[in-house]
Amino acid sequence: MNKHENLCDIIIFGGHGDLAFRKLMPALYHLCHDGYFHQDTRIITVTRADMELEEHLCLVETKLKEFLIIDKYDAEKFNIFKKKLHLVRVDLSDEEKYSSLADVLSQYPERDRVNYLSTSPSFFGSICKALSRYELILPSSRVVLEKPIGRDLKSSRAINIEVLQYFQESQIYRIDHYLGKDTVQNILALRFSNRIFMPLWDANNIDHIQITVAESVGVEGRWGYYDEYGAMRDMIQNHLMQLLCLIAMEPPCSLDADSVRDEKVKVLRSLRPMTPADIQQKTVRAQYTKGSSNGESVPGYREGEGVKNSTTETFAAIRVDIDNWRWNGVPFYIRSGKRMQKRNSEIVIQFKGVPHSIFANKGACISKNKLVISLQPRESIELKLMNKIPGLSEVMRLQQVELELNSSENISRKPEAYERLLLDVIHSNPTLFMRLDEVEAAWRWADSILEAWQEDIVPMKHYSAGNDGPSAAIELIASDGRSWNDE
Ligand code: BG6
(Lines give C-alpha, C1' and ligand atoms only; values in the text may rest on other atoms or scores of the structure.)
Protein backbone atom coordinates (compact mmCIF):
# COMPACT_ATOMS: atom_id res chain seq x y z
CA MET A 1 0.00 0.00 0.00
CA ASN A 2 1.27 3.44 -0.83
CA LYS A 3 1.17 5.16 2.51
CA HIS A 4 1.25 8.64 0.93
CA GLU A 5 -2.24 7.89 -0.31
CA ASN A 6 -3.23 7.72 3.34
CA LEU A 7 -1.95 11.15 4.26
CA CYS A 8 -4.83 13.13 5.68
CA ASP A 9 -6.06 15.16 8.61
CA ILE A 10 -8.79 13.36 10.54
CA ILE A 11 -10.95 15.88 12.35
CA ILE A 12 -13.29 14.50 15.00
CA PHE A 13 -16.14 16.81 15.91
CA GLY A 14 -17.64 15.82 19.25
CA GLY A 15 -14.22 14.41 20.00
CA HIS A 16 -14.81 14.11 23.74
CA GLY A 17 -18.09 12.24 23.33
CA ASP A 18 -18.88 8.66 24.22
CA LEU A 19 -18.48 7.31 20.68
CA ALA A 20 -15.16 9.07 20.15
CA PHE A 21 -13.62 7.55 23.25
CA ARG A 22 -15.34 4.17 23.12
CA LYS A 23 -14.92 3.37 19.43
CA LEU A 24 -13.07 5.96 17.32
CA MET A 25 -9.90 6.45 19.38
CA PRO A 26 -9.36 2.69 19.91
CA ALA A 27 -9.82 2.13 16.16
CA LEU A 28 -7.39 4.93 15.27
CA TYR A 29 -4.88 3.62 17.82
CA HIS A 30 -4.96 0.19 16.17
CA LEU A 31 -4.72 1.61 12.64
CA CYS A 32 -1.74 3.67 13.73
CA HIS A 33 -0.02 0.72 15.31
CA ASP A 34 -0.74 -1.55 12.35
CA GLY A 35 0.98 0.93 10.05
CA TYR A 36 -2.01 2.25 8.12
CA PHE A 37 -1.23 5.90 8.75
CA HIS A 38 1.18 8.11 6.97
CA GLN A 39 3.67 9.41 9.52
CA ASP A 40 2.33 12.96 9.16
CA THR A 41 -1.33 12.04 9.66
CA ARG A 42 -3.00 14.27 12.24
CA ILE A 43 -5.98 13.33 14.41
CA ILE A 44 -7.57 16.59 15.45
CA THR A 45 -10.11 16.45 18.25
CA VAL A 46 -12.57 19.31 18.17
CA THR A 47 -14.18 19.99 21.52
CA ARG A 48 -15.68 22.81 23.47
CA ALA A 49 -13.94 21.58 26.63
CA ASP A 50 -11.56 24.10 28.13
CA MET A 51 -8.47 21.97 28.24
CA GLU A 52 -4.80 22.00 27.23
CA LEU A 53 -3.28 19.41 24.91
CA GLU A 54 -1.47 17.63 27.76
CA GLU A 55 -4.73 17.13 29.60
CA HIS A 56 -6.37 15.84 26.42
CA LEU A 57 -3.58 13.31 25.91
CA CYS A 58 -3.98 12.05 29.49
CA LEU A 59 -7.72 11.73 28.95
CA VAL A 60 -7.28 9.80 25.70
CA GLU A 61 -4.78 7.50 27.40
CA THR A 62 -7.15 6.82 30.31
CA LYS A 63 -10.04 6.10 27.96
CA LEU A 64 -7.93 3.83 25.76
CA LYS A 65 -7.00 1.80 28.82
CA GLU A 66 -10.70 1.51 29.56
CA PHE A 67 -12.02 0.75 26.09
CA LEU A 68 -9.30 -1.16 24.26
CA ILE A 69 -10.46 -4.73 23.97
CA ILE A 70 -8.49 -7.50 25.65
CA ASP A 71 -5.86 -5.42 27.24
CA LYS A 72 -4.28 -4.02 24.11
CA TYR A 73 -3.00 -0.83 25.72
CA ASP A 74 0.75 -0.53 25.31
CA ALA A 75 2.64 2.51 26.61
CA GLU A 76 5.18 2.42 23.78
CA LYS A 77 2.47 2.27 21.13
CA PHE A 78 0.61 5.08 22.82
CA ASN A 79 3.74 7.25 22.73
CA ILE A 80 3.82 6.89 18.95
CA PHE A 81 0.07 7.38 18.62
CA LYS A 82 -0.07 10.48 20.80
CA LYS A 83 2.26 12.35 18.45
CA LYS A 84 -0.61 12.39 15.97
CA LEU A 85 -3.12 13.83 18.42
CA HIS A 86 -4.08 17.49 18.31
CA LEU A 87 -6.75 19.48 20.10
CA VAL A 88 -8.79 22.44 18.92
CA ARG A 89 -11.36 24.27 21.01
CA VAL A 90 -14.51 25.22 19.13
CA ASP A 91 -18.01 25.87 20.39
CA LEU A 92 -19.92 24.00 17.71
CA SER A 93 -23.03 26.06 18.29
CA ASP A 94 -21.24 29.20 17.13
CA GLU A 95 -20.59 29.02 13.39
CA GLU A 96 -18.52 32.17 13.52
CA LYS A 97 -15.92 30.82 15.86
CA TYR A 98 -14.10 28.20 13.83
CA SER A 99 -10.97 30.29 13.34
CA SER A 100 -8.89 28.13 15.70
CA LEU A 101 -9.70 25.10 13.55
CA ALA A 102 -9.01 27.07 10.37
CA ASP A 103 -5.58 28.01 11.74
CA VAL A 104 -4.67 24.38 12.41
CA LEU A 105 -5.95 23.08 9.07
CA SER A 106 -4.39 25.86 7.04
CA GLN A 107 -0.94 24.65 8.08
CA TYR A 108 -1.46 22.02 5.33
CA PRO A 109 -3.96 23.66 2.99
CA GLU A 110 -3.85 20.97 0.29
CA ARG A 111 -4.06 17.94 2.55
CA ASP A 112 -7.03 15.53 2.36
CA ARG A 113 -9.47 16.01 5.20
CA VAL A 114 -11.76 13.48 6.82
CA ASN A 115 -14.35 15.34 8.90
CA TYR A 116 -15.96 12.89 11.31
CA LEU A 117 -19.18 14.32 12.77
CA SER A 118 -19.53 12.36 15.98
CA THR A 119 -22.13 14.76 17.31
CA SER A 120 -25.88 14.95 17.57
CA PRO A 121 -27.36 15.15 14.03
CA SER A 122 -28.72 18.57 14.95
CA PHE A 123 -25.16 19.92 14.55
CA PHE A 124 -24.45 18.33 11.16
CA GLY A 125 -25.77 21.24 9.08
CA SER A 126 -24.16 24.00 11.11
CA ILE A 127 -20.75 22.28 11.22
CA CYS A 128 -20.76 21.87 7.42
CA LYS A 129 -21.86 25.47 6.99
CA ALA A 130 -19.05 26.68 9.22
CA LEU A 131 -16.48 24.55 7.38
CA SER A 132 -17.65 26.09 4.13
CA ARG A 133 -17.67 29.61 5.52
CA TYR A 134 -14.05 29.20 6.60
CA GLU A 135 -13.21 27.61 3.21
CA LEU A 136 -12.11 24.39 4.88
CA ILE A 137 -13.82 22.05 2.39
CA LEU A 138 -11.60 20.87 -0.46
CA PRO A 139 -12.80 18.75 -3.42
CA SER A 140 -10.98 15.83 -1.78
CA SER A 141 -12.55 16.37 1.68
CA ARG A 142 -14.91 13.76 3.08
CA VAL A 143 -17.54 14.07 5.77
CA VAL A 144 -18.63 11.12 7.91
CA LEU A 145 -22.13 11.24 9.39
CA GLU A 146 -23.00 9.05 12.32
CA LYS A 147 -26.38 7.34 12.46
CA PRO A 148 -29.22 7.82 13.05
CA ILE A 149 -29.55 10.66 10.58
CA GLY A 150 -32.71 12.36 11.84
CA ARG A 151 -35.68 10.88 13.67
CA ASP A 152 -37.83 10.30 10.61
CA LEU A 153 -37.83 10.80 6.87
CA LYS A 154 -38.61 14.49 7.13
CA SER A 155 -35.87 15.39 9.61
CA SER A 156 -33.40 13.09 7.87
CA ARG A 157 -34.12 14.78 4.57
CA ALA A 158 -33.68 18.23 6.11
CA ILE A 159 -30.27 17.25 7.53
CA ASN A 160 -29.12 15.67 4.28
CA ILE A 161 -30.25 18.66 2.25
CA GLU A 162 -28.25 20.95 4.51
CA VAL A 163 -25.10 18.81 4.32
CA LEU A 164 -25.51 18.52 0.54
CA GLN A 165 -25.29 22.28 0.21
CA TYR A 166 -21.64 22.03 1.19
CA PHE A 167 -20.52 18.49 0.28
CA GLN A 168 -21.24 16.43 -2.85
CA GLU A 169 -23.03 13.09 -2.32
CA SER A 170 -19.75 11.35 -3.28
CA GLN A 171 -18.00 13.11 -0.37
CA ILE A 172 -20.59 12.02 2.21
CA TYR A 173 -19.98 8.81 4.18
CA ARG A 174 -23.06 7.80 6.19
CA ILE A 175 -21.75 5.26 8.61
CA ASP A 176 -23.50 2.17 9.93
CA HIS A 177 -20.87 0.33 11.92
CA TYR A 178 -22.62 -3.02 11.42
CA LEU A 179 -21.39 -2.94 7.83
CA GLY A 180 -17.82 -2.81 9.12
CA LYS A 181 -18.15 -6.04 11.08
CA ASP A 182 -16.18 -8.83 9.51
CA THR A 183 -18.96 -11.40 9.76
CA VAL A 184 -21.38 -8.99 8.13
CA GLN A 185 -19.05 -8.59 5.17
CA ASN A 186 -18.73 -12.34 5.21
CA ILE A 187 -22.40 -12.52 4.22
CA LEU A 188 -21.33 -11.17 0.83
CA ALA A 189 -18.53 -13.71 0.60
CA LEU A 190 -20.79 -16.56 1.65
CA ARG A 191 -23.58 -15.68 -0.74
CA PHE A 192 -21.61 -14.60 -3.77
CA SER A 193 -18.52 -16.77 -3.77
CA ASN A 194 -20.22 -20.13 -3.12
CA ARG A 195 -22.32 -21.64 -5.84
CA ILE A 196 -24.08 -24.05 -3.51
CA PHE A 197 -26.23 -21.34 -1.91
CA MET A 198 -27.27 -19.73 -5.19
CA PRO A 199 -30.11 -22.10 -6.11
CA LEU A 200 -31.26 -22.42 -2.50
CA TRP A 201 -31.52 -18.74 -1.63
CA ASP A 202 -35.18 -18.10 -2.35
CA ALA A 203 -38.81 -18.75 -1.48
CA ASN A 204 -38.70 -22.26 -2.97
CA ASN A 205 -36.24 -23.42 -0.35
CA ILE A 206 -36.30 -20.99 2.56
CA ASP A 207 -39.13 -21.03 5.06
CA HIS A 208 -38.27 -17.83 6.90
CA ILE A 209 -35.41 -15.69 8.15
CA GLN A 210 -34.73 -14.34 11.65
CA ILE A 211 -32.50 -11.43 12.54
CA THR A 212 -31.83 -10.82 16.23
CA VAL A 213 -29.64 -8.19 17.83
CA ALA A 214 -30.01 -8.63 21.58
CA GLU A 215 -27.95 -6.64 24.05
CA SER A 216 -27.56 -7.34 27.75
CA VAL A 217 -26.50 -3.76 28.44
CA GLY A 218 -28.92 -0.92 29.08
CA VAL A 219 -28.55 2.55 27.64
CA GLU A 220 -25.16 3.06 29.27
CA GLY A 221 -25.61 6.63 30.43
CA ARG A 222 -26.97 7.77 27.06
CA TRP A 223 -30.48 8.45 28.40
CA GLY A 224 -30.76 11.85 26.76
CA TYR A 225 -30.04 10.45 23.32
CA TYR A 226 -31.78 7.10 23.70
CA ASP A 227 -35.04 8.38 25.05
CA GLU A 228 -35.49 10.45 21.90
CA TYR A 229 -34.72 7.52 19.59
CA GLY A 230 -35.60 4.13 21.07
CA ALA A 231 -34.95 0.68 19.60
CA MET A 232 -36.64 1.37 16.27
CA ARG A 233 -34.60 4.46 15.41
CA ASP A 234 -31.41 3.39 17.18
CA MET A 235 -31.15 -0.16 15.82
CA ILE A 236 -33.92 -1.37 13.51
CA GLN A 237 -34.05 1.45 10.94
CA ASN A 238 -30.31 1.15 10.35
CA HIS A 239 -28.37 -1.87 11.66
CA LEU A 240 -31.09 -4.50 11.27
CA MET A 241 -32.30 -3.09 7.96
CA GLN A 242 -28.75 -3.24 6.60
CA LEU A 243 -28.42 -6.88 7.66
CA LEU A 244 -31.76 -7.65 6.05
CA CYS A 245 -30.61 -5.97 2.82
CA LEU A 246 -27.42 -8.03 2.63
CA ILE A 247 -29.37 -11.25 3.11
CA ALA A 248 -32.18 -10.35 0.73
CA MET A 249 -30.47 -8.45 -2.09
CA GLU A 250 -29.88 -9.76 -5.59
CA PRO A 251 -26.26 -10.41 -6.60
CA PRO A 252 -24.70 -7.05 -7.51
CA CYS A 253 -22.77 -6.97 -10.80
CA SER A 254 -19.60 -5.99 -8.93
CA LEU A 255 -18.42 -5.00 -5.48
CA ASP A 256 -18.20 -1.34 -6.38
CA ALA A 257 -20.10 1.07 -4.18
CA ASP A 258 -23.01 1.84 -6.44
CA SER A 259 -23.62 -1.72 -7.61
CA VAL A 260 -23.96 -2.93 -4.02
CA ARG A 261 -26.00 0.05 -2.91
CA ASP A 262 -28.32 -0.17 -5.93
CA GLU A 263 -29.23 -3.72 -4.90
CA LYS A 264 -29.75 -2.80 -1.25
CA VAL A 265 -32.02 0.05 -2.15
CA LYS A 266 -34.15 -2.26 -4.31
CA VAL A 267 -34.76 -4.43 -1.26
CA LEU A 268 -35.74 -1.44 0.85
CA ARG A 269 -38.17 -0.33 -1.82
CA SER A 270 -39.71 -3.81 -1.91
CA LEU A 271 -40.56 -3.86 1.80
CA ARG A 272 -44.29 -4.39 2.00
CA PRO A 273 -45.96 -1.23 3.33
CA MET A 274 -47.98 -1.95 6.47
CA THR A 275 -51.52 -0.81 7.15
CA PRO A 276 -52.47 0.09 10.74
CA ALA A 277 -54.04 -3.38 11.03
CA ASP A 278 -50.78 -5.00 9.88
CA ILE A 279 -48.83 -2.93 12.35
CA GLN A 280 -51.09 -4.11 15.17
CA GLN A 281 -50.61 -7.69 14.13
CA LYS A 282 -46.97 -7.73 13.06
CA THR A 283 -45.12 -5.40 15.39
CA VAL A 284 -44.27 -5.51 19.08
CA ARG A 285 -42.80 -2.69 21.15
CA ALA A 286 -41.75 -3.04 24.74
CA GLN A 287 -39.89 -1.42 27.60
CA TYR A 288 -37.82 -3.18 30.23
CA THR A 289 -38.80 -3.03 33.88
CA LYS A 290 -36.51 -3.74 36.80
CA GLY A 291 -34.79 -7.09 36.87
CA SER A 292 -31.27 -8.41 36.96
CA SER A 293 -28.35 -8.37 34.63
CA ASN A 294 -25.24 -10.50 35.15
CA GLY A 295 -26.42 -11.36 38.64
CA GLU A 296 -26.94 -7.75 39.68
CA SER A 297 -30.29 -6.10 40.10
CA VAL A 298 -30.89 -3.25 37.68
CA PRO A 299 -33.58 -0.57 37.59
CA GLY A 300 -36.29 -0.45 34.96
CA TYR A 301 -36.05 1.90 32.00
CA ARG A 302 -38.47 4.39 33.50
CA GLU A 303 -36.41 4.56 36.66
CA GLY A 304 -33.47 5.94 34.66
CA GLU A 305 -32.48 9.59 34.82
CA GLY A 306 -35.12 11.89 33.43
CA VAL A 307 -37.29 9.28 31.71
CA LYS A 308 -40.06 8.84 34.26
CA ASN A 309 -43.05 8.80 31.95
CA SER A 310 -41.18 7.77 28.86
CA THR A 311 -43.00 5.95 26.09
CA THR A 312 -39.75 5.04 24.35
CA GLU A 313 -39.40 1.38 23.40
CA THR A 314 -36.26 -0.49 24.43
CA PHE A 315 -37.33 -3.56 22.44
CA ALA A 316 -38.95 -4.02 19.05
CA ALA A 317 -39.91 -7.10 17.05
CA ILE A 318 -41.41 -6.96 13.57
CA ARG A 319 -42.47 -9.37 10.88
CA VAL A 320 -41.22 -7.90 7.60
CA ASP A 321 -42.43 -9.05 4.20
CA ILE A 322 -40.62 -8.38 0.97
CA ASP A 323 -42.71 -8.06 -2.16
CA ASN A 324 -40.56 -9.45 -4.94
CA TRP A 325 -40.15 -12.74 -6.80
CA ARG A 326 -37.34 -14.10 -4.70
CA TRP A 327 -38.95 -13.59 -1.30
CA ASN A 328 -42.64 -13.96 -1.98
CA GLY A 329 -44.15 -15.64 1.12
CA VAL A 330 -40.91 -15.71 3.14
CA PRO A 331 -41.26 -13.66 6.32
CA PHE A 332 -38.25 -11.94 7.90
CA TYR A 333 -38.68 -11.75 11.68
CA ILE A 334 -36.46 -9.09 13.17
CA ARG A 335 -36.01 -8.06 16.81
CA SER A 336 -33.68 -6.00 18.90
CA GLY A 337 -33.66 -5.04 22.55
CA LYS A 338 -31.64 -3.71 25.44
CA ARG A 339 -31.26 -5.43 28.81
CA MET A 340 -32.01 -8.82 27.35
CA GLN A 341 -30.85 -12.04 28.93
CA LYS A 342 -27.62 -12.20 26.96
CA ARG A 343 -25.74 -10.47 24.21
CA ASN A 344 -26.63 -12.38 21.12
CA SER A 345 -26.74 -11.21 17.54
CA GLU A 346 -27.48 -13.68 14.80
CA ILE A 347 -29.12 -14.23 11.47
CA VAL A 348 -30.92 -17.52 11.00
CA ILE A 349 -31.80 -18.80 7.56
CA GLN A 350 -34.39 -21.50 8.17
CA PHE A 351 -34.72 -23.82 5.17
CA LYS A 352 -37.87 -25.78 4.38
CA GLY A 353 -38.07 -29.45 5.24
CA VAL A 354 -37.45 -32.28 2.78
CA PRO A 355 -40.47 -32.83 0.48
CA HIS A 356 -40.96 -36.42 1.64
CA SER A 357 -39.35 -38.24 4.53
CA ILE A 358 -38.33 -41.85 4.10
CA PHE A 359 -37.37 -41.91 7.78
CA ALA A 360 -40.47 -40.56 9.43
CA ASN A 361 -42.20 -43.86 10.11
CA LYS A 362 -39.08 -45.47 11.44
CA GLY A 363 -38.75 -43.30 14.51
CA ALA A 364 -36.29 -40.76 13.16
CA CYS A 365 -37.16 -37.14 13.23
CA ILE A 366 -35.68 -34.81 10.65
CA SER A 367 -34.81 -31.27 11.70
CA LYS A 368 -34.90 -28.76 8.91
CA ASN A 369 -31.59 -27.36 7.67
CA LYS A 370 -30.57 -24.08 9.16
CA LEU A 371 -27.78 -21.64 8.43
CA VAL A 372 -26.88 -19.60 11.51
CA ILE A 373 -24.68 -16.56 11.05
CA SER A 374 -23.58 -15.40 14.51
CA LEU A 375 -22.29 -11.87 14.83
CA GLN A 376 -21.96 -11.56 18.59
CA PRO A 377 -20.57 -12.47 21.05
CA ARG A 378 -18.89 -15.12 18.93
CA GLU A 379 -18.50 -14.69 15.18
CA SER A 380 -19.22 -17.88 13.33
CA ILE A 381 -21.24 -19.46 10.56
CA GLU A 382 -22.89 -22.82 11.18
CA LEU A 383 -24.82 -24.99 8.77
CA LYS A 384 -27.07 -27.47 10.55
CA LEU A 385 -27.47 -30.73 8.67
CA MET A 386 -28.88 -34.18 9.37
CA ASN A 387 -26.53 -37.12 9.70
CA LYS A 388 -26.77 -40.81 10.58
CA ILE A 389 -25.89 -41.75 14.13
CA PRO A 390 -23.08 -44.27 13.67
CA GLY A 391 -23.83 -47.81 14.74
CA LEU A 392 -25.62 -51.00 13.87
CA SER A 393 -29.05 -50.20 15.19
CA GLU A 394 -31.73 -51.82 13.13
CA VAL A 395 -33.65 -48.61 12.64
CA MET A 396 -31.58 -45.90 11.04
CA ARG A 397 -31.29 -43.13 13.56
CA LEU A 398 -30.44 -39.55 12.65
CA GLN A 399 -28.92 -36.61 14.45
CA GLN A 400 -28.42 -32.97 13.68
CA VAL A 401 -24.79 -31.95 13.24
CA GLU A 402 -23.14 -28.63 12.61
CA LEU A 403 -20.73 -27.74 9.88
CA GLU A 404 -18.85 -24.83 11.32
CA LEU A 405 -16.94 -22.13 9.56
CA ASN A 406 -14.96 -19.94 11.88
CA SER A 407 -12.39 -18.06 9.92
CA SER A 408 -11.13 -16.04 12.86
CA GLU A 409 -9.76 -18.78 15.05
CA ASN A 410 -6.18 -18.33 13.94
CA ILE A 411 -6.20 -14.57 13.96
CA SER A 412 -4.69 -12.98 17.04
CA ARG A 413 -6.84 -9.86 16.86
CA LYS A 414 -9.89 -9.30 14.73
CA PRO A 415 -10.20 -5.68 13.59
CA GLU A 416 -13.12 -3.75 15.01
CA ALA A 417 -15.84 -2.48 12.67
CA TYR A 418 -14.70 1.12 13.04
CA GLU A 419 -11.17 0.26 11.91
CA ARG A 420 -12.45 -1.13 8.61
CA LEU A 421 -14.76 1.83 8.07
CA LEU A 422 -12.27 4.54 9.02
CA LEU A 423 -9.76 2.99 6.69
CA ASP A 424 -12.34 2.95 3.90
CA VAL A 425 -13.03 6.65 4.40
CA ILE A 426 -9.29 7.37 4.35
CA HIS A 427 -9.10 5.42 1.06
CA SER A 428 -12.26 7.09 -0.30
CA ASN A 429 -14.12 3.81 -0.65
CA PRO A 430 -17.84 4.30 0.06
CA THR A 431 -19.05 0.72 -0.59
CA LEU A 432 -19.82 0.05 3.07
CA PHE A 433 -21.55 3.38 3.64
CA MET A 434 -25.18 4.29 3.08
CA ARG A 435 -26.29 6.32 0.13
CA LEU A 436 -28.94 9.00 0.51
CA ASP A 437 -31.67 6.97 -1.21
CA GLU A 438 -30.99 3.98 1.09
CA VAL A 439 -31.37 6.07 4.23
CA GLU A 440 -34.57 7.61 2.90
CA ALA A 441 -36.11 4.29 1.86
CA ALA A 442 -35.38 2.83 5.31
CA TRP A 443 -36.96 5.84 7.00
CA ARG A 444 -40.02 5.70 4.75
CA TRP A 445 -40.68 2.14 5.92
CA ALA A 446 -39.87 2.85 9.59
CA ASP A 447 -41.99 6.02 9.66
CA SER A 448 -45.25 4.20 9.03
CA ILE A 449 -44.62 2.00 12.07
CA LEU A 450 -43.37 4.81 14.27
CA GLU A 451 -46.40 6.94 13.44
CA ALA A 452 -48.78 4.11 14.37
CA TRP A 453 -46.86 3.51 17.61
CA GLN A 454 -47.06 7.23 18.35
CA GLU A 455 -50.84 6.96 18.08
CA ASP A 456 -50.78 4.03 20.52
CA ILE A 457 -52.22 1.61 17.97
CA VAL A 458 -49.85 -0.99 19.40
CA PRO A 459 -49.82 -1.21 23.21
CA MET A 460 -46.47 -0.92 24.96
CA LYS A 461 -45.49 -4.30 26.44
CA HIS A 462 -43.04 -4.89 29.25
CA TYR A 463 -40.30 -7.37 30.04
CA SER A 464 -38.10 -7.60 33.09
CA ALA A 465 -34.46 -6.71 32.59
CA GLY A 466 -32.36 -9.80 32.00
CA ASN A 467 -35.18 -11.55 30.20
CA ASP A 468 -35.73 -12.69 26.62
CA GLY A 469 -38.06 -9.81 25.81
CA PRO A 470 -41.84 -9.68 26.06
CA SER A 471 -44.01 -12.74 25.51
CA ALA A 472 -45.71 -10.82 22.69
CA ALA A 473 -42.54 -11.29 20.62
CA ILE A 474 -42.80 -15.04 21.07
CA GLU A 475 -46.47 -14.90 20.11
CA LEU A 476 -45.63 -12.82 17.03
CA ILE A 477 -43.65 -15.67 15.50
CA ALA A 478 -45.69 -18.47 17.15
CA SER A 479 -48.88 -17.20 15.50
CA ASP A 480 -47.24 -18.16 12.18
CA GLY A 481 -46.40 -21.62 13.55
CA ARG A 482 -42.70 -20.81 14.02
CA SER A 483 -40.37 -20.10 16.92
CA TRP A 484 -37.27 -18.02 17.61
CA ASN A 485 -34.00 -19.87 17.37
CA ASP A 486 -33.41 -19.53 21.13
CA GLU A 487 -36.65 -21.17 22.25
C1 BG6 B 1 -25.16 1.63 18.29
C2 BG6 B 1 -26.37 1.96 19.12
O3 BG6 B 1 -25.34 2.08 16.97
O4 BG6 B 1 -24.98 0.22 18.27
C5 BG6 B 1 -26.22 1.42 20.52
O6 BG6 B 1 -26.53 3.37 19.16
C7 BG6 B 1 -25.90 -0.06 20.50
O8 BG6 B 1 -27.38 1.66 21.28
C9 BG6 B 1 -24.74 -0.34 19.56
O10 BG6 B 1 -25.58 -0.47 21.81
C11 BG6 B 1 -24.54 -1.83 19.39
O12 BG6 B 1 -23.37 -2.05 18.68
P13 BG6 B 1 -22.60 -3.43 18.80
O14 BG6 B 1 -21.53 -3.34 17.77
O15 BG6 B 1 -22.08 -3.48 20.20
O16 BG6 B 1 -23.62 -4.48 18.54
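Nothing here was measured: the structure is a model prediction, and the numbers come from that model. In each ligand, atom 1 is the first atom listed, and ligand 1 is the first ligand listed.
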Show the atoms of ligand 1 that are less than 4.0 angstrom away from any heavy atom in [X].
| X | answer |
| --- | --- |
| His239 | 1 (C), 3 (O), 4 (O) |
| Arg222 | 2 (C), 5 (C), 6 (O), 8 (O) |
| Lys181 | 13 (P), 14 (O), 16 (O) |
| Lys338 | 5 (C), 7 (C), 8 (O), 10 (O) |

Quick one: sort the Tyr418 and His177 rings into parallel, tilted or perpendicular, breaks at 30° and 60°.
-> parallel

Could you tell me how the ring of His208 sits relative to the ring of Tyr333: parallel (under 30°), tilted (30 to 60°) or perpendicular (over 60°)?
-> perpendicular

Name the closest protein heavy atom to [atom], giving the residue it belongs to and the distance to 0.1 Å.
| atom | result |
| --- | --- |
| atom 12 (O) of ligand 1 | His177 NE2, 3.1 Å |
| atom 11 (C) of ligand 1 | Glu215 OE2, 3.5 Å |
| atom 16 (O) of ligand 1 | Tyr178 OH, 2.4 Å |

Please tell me whether [X] and [Y] have a donor and an acceptor in their side chains that are separated by less than 3.5 angstrom.
| X | Y | value |
| --- | --- | --- |
| Asn186 | Lys181 | no |
| Tyr36 | Glu419 | no |
| Ser122 | Ser120 | yes |

Would you indicate whether the side-chain heavy atoms of Val320 and Leu271 approach each other to under 4.5 Å?
-> yes

Which one holds for Glu220 and ligand 1: side chain close, backbone close, both close, or neither close, with close meaning a heavy atom under 4.0 Å?
-> neither

Of the backbone atoms (N, CA, C, O) and the side-chain heavy atoms from C-beta on, which set of Arg343 has a member under 4.0 Å from an atom of ligand 1: side chain, backbone, both, or neither?
-> side chain

Counting heavy atoms not belonging to Lys77, are there more than 12 under 6.0 Å from its NZ?
-> yes

Heavy-atom nearest option to atom 2 (C) of ligand 1, drawn from Asn238, Leu375, Asp234 | Asp234

Within-cut-off N or O pair, Gln376 and ligand 1, under 3.5 Å = yes

Trace of the ring pair (Phe, Tyr, Trp, His ring centres under 6.0 Å) decision for Phe315 with Tyr463 | CA-CA 9 Å; Phe315 174 96; Tyr463 59 104; 5.7 Å; yes

